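In this text the structure is predicted, and so the values were computed from the model without any measurement.
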Amino acid sequence: DRLSRRIRRYYQLQCRSFLRYCEAYLLPAAAEACRTALEASQPIPKFRAELTYRVTYNEGGLWSLYTQSRESGPGGRTVLLRRGDTWDLASGYPVALSAFFPRRSGWKRRLLDAAEAEIQQQEQAGAALYHEGIRRLLRRHFNPQNYYLTPEGLAIFYPMYAIAPAAEGIPVFTVPYGRSGPAQVLRRLGGGHVQDGPGGVHLLIPQYFLPLQEAPYGFQKFPAYRTLFHMYPSLPNLICFLARRLMHESGQNVLNGILY
């Protein structure tokens, strides 16, 4: 269909860009190194470049994965480059990291604190080694696009060499789903998601995380949904009703109070 073609074209373009990069930069460098080795009667150096992917989450209408390129050359030096993507399969567009947290929740600080705590645990256990001034490095190199979903939680990662030596590869920190962390999608609900998050059940409208109790008023805060609200005044209440019905059928009584 149209949505799958859009996503497929995106990754086809990514593959073509990687091939062009190999042809324009890696191949000439490898050819020059081979000529130099032949002239000096030395062994031919080995070069390798590959682009792989891994699907990490595919539930609730969300599809999450990461692509990773690996370049290796003489001397055993390896360079890894990872990119994470999370797609809303209903719209065919990527989902922003902030969409998994309530509004004004300080989600960036929450993620940085979780990463710093995990780093301290790893260093105390002798399982990993990071650069000095890790708090400053975490803030400096944080990129909200560097994330993907897993069944265990939301995973954020940092570029190779950014916060740790090469031996650590690409550092990944997983923040478990829960009331104080990112919300986990339970079931789709007509263009949005019902989630378990801080304060009970939340309705995730694409790109926005709104508590169900605030939906009739929260809709009016964004231009696109404000227009819909004026055209169809009962739309927010209808969504709330459907969400309550969904929770009733699933046997989860998590709504507080009566919703309009």
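In this structure, Pro151 and Tyr57 approach most closely via the heavy-atom pair N-CD1, 3.9 Å. Nearest heavy atoms, Leu26 versus Ala49: CD1-CB, 3.7 Å. Counting all heavy atoms, side chain and backbone alike, Pro28 lies closest to Cys22 at CD-O, 4.2 Å. The minimum heavy-atom distance between Leu3 and Ala90, with the atom names listed, is CD1-O, 3.2 Å. Residues Ile163 and His141 come closest through the heavy atom pair CG2-CD2, 4.5 Å. Considering every non-hydrogen atom in both Tyr177 and Thr150, the closest pair reads OH-O, 2.8 Å.
Hydrophobic cluster membership is shared by Leu154 and Leu112, with clusters built from Ile, Leu, Val, Met, Phe, Trp and Tyr side chains linked at under 4.5 angstrom. Cluster membership for Phe142 and Ile170, using ILVMFWY side-chain heavy atoms within less than 4.5 angstrom, is not shared. Transitive grouping of hydrophobic side chains (ILVMFWY, heavy atoms separated by less than 4.5 Å) keeps Leu149 and Phe157 in distinct clusters. Phe100 and Leu111 fall within the same hydrophobic cluster, where Ile, Leu, Val, Met, Phe, Trp and Tyr residues are linked whenever their side-chain heavy atoms come under 4.5 Å apart, directly or through other members.
In this structure, Pro165 and His131 have side chains that are in contact, with non-hydrogen atoms separated by less than 4.5 Å. At least one side-chain heavy atom of Leu89 sits less than 4.5 Å from a side-chain heavy atom of Trp63. Between Gln68 and Leu80 there is a side-chain heavy-atom pair separated by less than 4.5 Å. Side-chain atoms of Ile156 and Val172, non-hydrogen and from C-beta on, never get closer than 4.5 Å to each other. Taking the side chain as every heavy atom from C-beta outward, Pro171 and Ile119 never approach each other to under 4.5 Å. Side-chain contact between Ser105 and Arg110 is present, with at least one heavy-atom pair separated by less than 4.5 Å.
Figure legend: cation-pi geometry between Arg82 and Tyr66, with NZ or CZ positioned under 6.0 Å from the six-membered ring centre and within 45° of its axis.
Once rounded to the nearest 0.5 Å, the distance linking CG of Leu65 with OG1 of Thr56 reads 6.5 Å. Once rounded to the nearest 0.5 Å, the distance linking CG of Leu81 with OH of Tyr21 reads 8.5 Å. For the atom pair Leu27 CG and Leu19 CG, the distance stands at 11.5 Å (nearest 0.5 Å). Of the inter-residue distances, the one linking Thr86 atom OG1 with Tyr148 atom OH reads 10.5 Å to the nearest 0.5 angstrom. Interatomic distance, Ser64 OG to Glu59 CD, rounded to the nearest 0.5 Å: 11.5 Å. To the nearest 0.5 Å, atom OH of residue Tyr147 and atom CG of residue Asp85 are 8.5 Å apart.
Classification of the Tyr158-Phe173 ring pair by plane angle, with boundaries at 30° and 60°, yields perpendicular.
Separation of the Trp87 and Tyr10 ring centroids falls under the 6.0 Å cut-off. Ring pair Tyr53/Tyr11: centre-to-centre distance not below 6.0 Å.
Looking at Thr67 and Gln14, their side chains do bring a donor and an acceptor atom within 3.5 Å of each other. Inspection of the Gln122 and Tyr130 side chains reveals an N or O donor paired with an N or O acceptor under 3.5 Å.
Salt bridge Arg135/Glu116: present, at least one basic N to carboxylate O contact under 4.0 Å. Contact check on Arg35 versus Glu32 returns a salt bridge, with a Lys/Arg side-chain nitrogen under 4.0 Å from an Asp/Glu carboxylate oxygen.
Atom CZ of Arg6 has more than 12 neighbouring heavy atoms from other residues, nucleotides or ligands inside a 6.0 Å radius. A 6.0 Å sphere centred on CD of Gln145 holds no more than 12 heavy atoms belonging to other residues, nucleotides or ligands.
Judged by distance alone, the side chain of Glu50 and the main-chain N or O of Glu71 form no donor-acceptor pair under 3.5 Å.
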